[in-house]
2 protein chains.
Amino acid sequence: MSLITTRSRYGLRLLVELAERGMAQAIDLGSVARRQDIPELYLSKLATPLKAAGILRSERGAKGGYRLARRPEDITVLDVVEALEGRSSLLECTGEPGACVRSGECKTLPIWSGLDKVIQDYLRGISLADAAGAAIDYTI
Amino acid sequence: MSLITTRSRYGLRLLVELAERGMAQAIDLGSVARRQDIPELYLSKLATPLKAAGILRSERGAKGGYRLARRPEDITVLDVVEALEGRSSLLECTGEPGACVRSGECKTLPIWSGLDKVIQDYLRGISLADAAGAAIDYTI
DNA sequence: TCCTAAAAAGACCTAAATAGTCTACTTATG
DNA sequence: CATAAGTAGACTATTTAGGTCTTTTTAGGA
C-alpha cells in the first residue's frame, strides 16, 4: 500500500517521453529503457496495465512499439497512477465501505479520506502535456 | 516507503483519544488498546517515537500512563505522521538532493515534489483538536 | 519464405518493509 | 513490597516491491 512506487515513477517517465516524441510513430521500449535507465523487462511489465487502461497502444513486430492511445492533454497523472498502482484509494479503510468495522465512529477516517481527495485532485490536475512541457514548479 | 501505514493510523487514534479525554490524567495504553482494538504491544512501540517527538509524555508506576505533551491545538497530524513514519518526504527522489542523478533533467520530479507539498500542507492544517471534535468532513 | 525485431505472457526470485510478538528488565505508586 | 505500568531489544511472519528469465506470438523486410 505504497502511494507512489517505482511503477508510477517509471511509468510516468515512459509516458512523458512518448508524449514528447509525438504520436506519429511507435517507439520501442528498449530505446526508452536505455535513455531512461530503467530495466527493459520491468518497463515491459508496466505496459500491460497501461494498455488495459486505454493509455497506451502497442504494435507488434518489426518497427513496432508503443504510442499513446489518447492525446497527452487527455491523460492525467491520476490516470497513470491508478492504472499502475491498481487501486483508487491510498488507504484500505477509505477504499471499500465496510473495510473497517469502526468506520462509523472513527474520528480519524475523515482525515484520511480528505487526504485521499487532496491527492487525487492534485494528480488529476496535471496532464501528460503539462508534464512534457518545460520544467514547471508545481509546488507553488 | 508507504505514506500512511498502520503506525500513523493507530498512532493517530491513540492521540485523538487522549485529546478527547483531556490532559488532566494519565491514561494507560492497555485501556486504549482495548477500546481501539489495537494490539497493546504494538501500540506501546508507537509511544516511543511519539515521546521523542515531544508529542507524548509518560508517567511510570501505578496510576501511570500517557498524556499529551502539548495542547491538542498545537499538535498537527503532520507532526504525528512524521514522528511515526520517520521521514519528511514520501519519495526518495524528492527527499534528499542527489538521491537521483537525473533530477536536473527529470520532468516528472516537479510533479512528485508538488504532490509532497500538497500532502504536507493538508496534514499540517489539521490539529488533534480538530480531529477530536465532532465528525468533520475534510473532503469538502 | 525465412530472418529479425518487437510485444505478450507468465513463472520465478530476492530483498525490504510492515505488522506483530515475546521476553526480560526497570520504575513508581498504593 | 506487590503490582501496574513503561523500556528495550530481539525475533518472526507476511506482504509488497522490484526485478529477472523463458517462451511464445506477431509483423516487416530482405
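Values reported hereafter were calculated over all heavy atoms of this structure, with side chains retained and with hydrogens, waters and symmetry mates removed. First the proteins, then the strands, lettered A, B, ... as listed; each starts at 1.
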* Give, ordered by number, those residues of residues 38-50 of chain A having at least one heavy-atom distance below 4.0 Å to an atom of DNA chain D; if nothing qualifies, reply none. =>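 Here the set is A/P39, A/L41, A/Y42, A/K45.
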* Among residues 20-29 of chain A, which residues get a heavy atom nearer than 4.0 Å to DNA chain D? ->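 Heavy-atom cutoff 4.0 Å gives no residues at all.
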* To do: Search all heavy atoms of B/Y66 against all heavy atoms of B/L56 and return the closest pair with its distance.
  =>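 Minimum heavy-atom separation between B/Y66 and B/L56: CD2-CD1, 3.8 Å.
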* To do: Give the minimum heavy-atom separation between A/K107 and B/V16, together with the two atoms involved.
  =>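 Smallest heavy-atom distance, with atoms named: CB-CG1, 4.2 Å.
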Check the distance between [N]'s [atom2] and [X]'s [atom1] and give it to me in whole angstrom.
X: B/I4; N: C/dA17; atom1: CD1; atom2: P; value: 18 Å
X: A/R57; N: C/dA6; atom1: CZ; atom2: C1'; value: 16 Å
X: A/L84; N: D/dG19; atom1: CG; atom2: P; value: 14 Å

* To do: Please identify each residue that fulfils side-chain contact (heavy atoms from CB on, under 4.5 Å) with A/P49, with sequence neighbours left out.
  =>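 A/P49: side-chain contact (heavy atoms from CB on, under 4.5 Å) contacts with A/R7, A/L84.
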* Pairwise 5' ranking along DNA chain D for B/K63 and A/Y10, keeping only the more 5' one ->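 Here B/K63 is the residue nearer the 5' end.
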* Pick the nucleotide of DNA chain D nearest each of B/K51 and A/A62; which residue has the one closer to the 5' end? ->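 The residue mapped nearer the 5' terminus is B/K51.
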* Asked: Just checking B/G65: base, sugar-phosphate only, or nothing, at a heavy-atom cut-off of under 4.0 Å?
  -> sugar-phosphate
* **Distance test, side-chain N/O of B/T6 to OP1/OP2 of C/dA19, below 4.0 Å** => yes
* Per the atom types in the model, does the base of C/dT26 pair as donor or acceptor with the side chain of B/R60 at under 3.5 Å? -> yes
